[in-house]
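Remarks on the structure that follows.
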Amino acid sequence: MVGGAGRVASPRIEALIARMTLAEKAGQLSCFNDEIRPVGAVFNPVVSPRGAEAMLADIRAGRVGMLFNGYGVAGARRAQAAALESRLGIPLVFAADVLHGCRTIFPIPLAEAAAFDPDLSRRAARAVARETTANGIHWTFAPMVDVARDQRWGRVAEGAGEDVLLNCLLASARVEGFQGPDLTKPDALLATPKHFVGYGAVRGGMEYAAVDMSMAALRETFVPPFAAAFAAGAGATMASFTDFNGVPVSANRPLLTNLLRGDLRFDGVCVSDYDADRELIAHGIAADEADAARLAILAGIDMSMQSGLYQRHLSALVEAGQVPIAAVDQAVRRVLILKERLGLFDDPYRSLDPRAERRETGSKAVRDMARTVATRSIVLLRNDGDLLPIARRGKKLALIGPFGADRANLNGPWCFAGDSARGIDLATGLRGAMGDPASLIVEAGSGITEPLPGGIERAVAAARAADIVLLAIGEGADMSGEGNSRVEITVPAAQQALAEAIAATGTPVVVLLRHGRALALTGAVRDAPALLATWFLGEQTGPAVADILFGAVEPTARLPVSFPLATGQQPWSYDRRSTGRPAPDAEPMAAGRSHWRDAADRALYPFGSGMGYTRFALSDLQVPATIAAGAIVPVSVRVRNVGTRRGEALVRLDVHDRVASRTRPARQMKAFQRVTLAAGDETRVELRIAADALALVTGDGRWQIEPGMFDLWVDAGAGTEIAGAFRLE
Ligand code: NOJ
């Protein structure tokens, strides 16, 4: 018997399906917020809470297939015992939104993406999986692989940013890391690339808004990270709750069946988003709950999340002939295969071992990994006059801003089970690294959105007394993530006023920006001589920032999202298509050319910006003159460390298709490679692009390789770019 788009179900599963009642089938297709072991803060709106005892009774009655967002082994064992008491004893599977750490909080995914390092993301996901599974969770609703080109959208924080290739590489790395080599192992965490598909393109960047896009854009930009995650073996996906071209994804059969199961050959479980089937009523697509359940199951939603719609309506819909039993059986088969792949039929108590919970929670290994990722996520965007790194002793430092001594805003969105009190704030981290901790003064100066009475005066006095100001400003933890779109992606006015007052003292300022998205920087923040993008770095924030500030670690990260000149440019990405009237680089505001009246069509810091404390030079670019379709384009370049410190170069290759049947991105990254070099050393770096990666999607949605000339640029940071070209045959 066939499950998904081709996975074969075992005789055990087929035998179970044959014995299941309709109500038991609907139960396996229903999942709920875990009220047996709830955590304090829950993002989702509370929909039909039932309490632990009622939930346990439902589980015993075979009415629940999965619980999510509960943590801890003891409660999970209780719930699992109840499932095993049900008539067929089908085990529960436990899922959770583990986006950047479970108990030990890592940098937000967008920050981690700045490391441009798939291997690091793979290892980080593995470390997170060990801790998460030890807390009684088998399945994460991650990675979020929505390409995000509108920084107003709060959920930019959860993903890998604006670039397709980086999204693809990190999607597969994270899936491999979460799941590990063997899904039956107690530390394997089933992955859920989400939200299928197009959510990142919500209108105006507004949360939950509609999406309208061409099928070519969908396939070329938004689908590839899902394809990469599925190729890496992801066992589940989550349907987006947004409207796509007039049909909400939860009811969109062309997307959830034709594209997902047909073209992409995905054979895992497709879970709805939270209450998304019921939201079809608010979308005006379903007349009532039963209608919504019918649309969702027929579109291809295997599991209904939280609404209880399948639990309440699926049996009657089948009995009334409105939903074929085959559709229900297929969804049940996929859910049971998922449980079998996780080894739950053989060991329902897998990942529910209290000793592992004690051993893995906050282990040294997971905390060390969180620190490594945090350090490698910090992007050095500006460093006039080599203000950084700062000597560990001999300088008086003033740490000014609402985030200097703050722990509540280290983690950012999506970290229910993390304890912010465990985080290491900037002041503590810096003092721990300083030769003379007493030479650090800390002054808040402002609240996050409101001024502090007398705050600016005290901060100005601290700045005057210091050699260097470290200005810790930006967004609070609740300003990005789900439900936190913004119309102005600026530093809040109260903090901007603080920054202006500090700049006026003349003391050199290093901005330590905290943020869950790219921000539109203005005034004294934009013009400060040194600027570090520090995102939400999680519990190791303080030590990681100290590593970079004092030069113990070389900054190696790059921006995964472009910092615009102004909010009004959104959506904007570096790989936008060329226009008929592009403005010349040298004259970005040329009359009659593409730009806004008050801003050029460029970014303040485009995708890929970032530097280290050393400098590199490139030379001797070698590109073959012609490439055969199907071949690899071997490009190589000499890289030399021309600075005075050891450092890591990120060599990146972009291409542009000169003439094609459709307009192409002005440039788009196709490969990158890192190399570490001592001062004065030099090496040749090879970058390889598969000719397939030069294909485009036609108007009717097919990938097609078109022969012709391609421009190519290789760079290793600002000012190092060299250009070449080749012909694809
Ligand atoms: C809503 C979010 O959109 C989704 O990403 C998340 O996994 C679910 N809620 C469950 O918490």
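When a ligand or atom number is given, it counts from 1 through the structure's own listing order. Note: hydrogens, waters and symmetry copies are ignored here, and every other heavy atom, side chains too, is used.
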Exercise. Decide if the gap between the ring center of Tyr199 and the ring center of Trp153 is smaller than 6.0 angstrom.
Key: yes

A student checking ligand 1 against Asn69 at a 4.0 Å heavy-atom cut-off should list atoms 11 (O)

For Lys194, the ligand 1 atoms with a heavy-atom partner under 4.0 Å come out as 4 (C), 5 (O), 6 (C), 7 (O)

Tightest non-hydrogen contact, residues Gly177 and Ala129, listed as O-CB, 4.2 Å

**Asked** Ion pair present between Glu53 and Arg78, side-chain N to carboxylate O less than 4.0 angstrom?
**Response** yes

- Can you tell me if Gln306 has a non-hydrogen atom under 4.0 Å from ligand 1? no

Residues 242-259 vs side chain to side chain donor-acceptor pair (under 3.5 Å), sequence neighbours excluded, gives Ser240-Thr242

task = Looking only at distances, please establish whether an N/O atom of ligand 1 is found under 3.5 Å from an N/O atom of Trp414.
result = no

**Asked** Can you find an N or O of Asp97 that's nearer than 3.5 Å to an N or O of ligand 1?
**Response** yes

Using a 3.5 Å distance criterion without hydrogens, assess whether the side chain of His138 forms a donor-acceptor pair with backbone atoms of Val93. no

If we number the atoms of ligand 1 from 1 as shown, the ones under 4.0 Å from a heavy atom of Tyr274 are 9 (N)

Practice task
Report yes if some heavy atom in the side chain of Tyr208 is under 4.5 Å from a heavy atom in the side chain of Glu482; otherwise report no.
Solution key: yes

Counting from 1 in the order shown, the ligand 1 atoms closer than 4.0 Å to a non-hydrogen atom of Phe141 are 7 (O)

| task | Please step through side-chain contact (heavy atoms from CB on, under 4.5 Å) for the pair Glu475 and Arg486, ending with a clear verdict. | result | CA-CA 11 Å; Glu475 298 187 297; Arg486 298 181 63 196; 2.8 Å; yes

Within the 4.0 Å heavy-atom cut-off, what His195 brings close to ligand 1 is side chain

Under 4.0 Å between heavy atoms, the region of Arg155 that gets near ligand 1 turns out to be side chain

Within 4.0 Å of some non-hydrogen atom of Met238, the atoms of ligand 1 are 4 (C), 7 (O)

A student comparing Asp273, Thr140, Thr192 should find that the heavy atom closest to atom 8 (C) of ligand 1 comes from Asp273

So side chain to side chain donor-acceptor pair (under 3.5 Å) across residues 104-115, not counting sequence neighbours, yields Thr104-Glu131, Thr104-Arg422, Glu112-Ser121, Glu112-Arg174

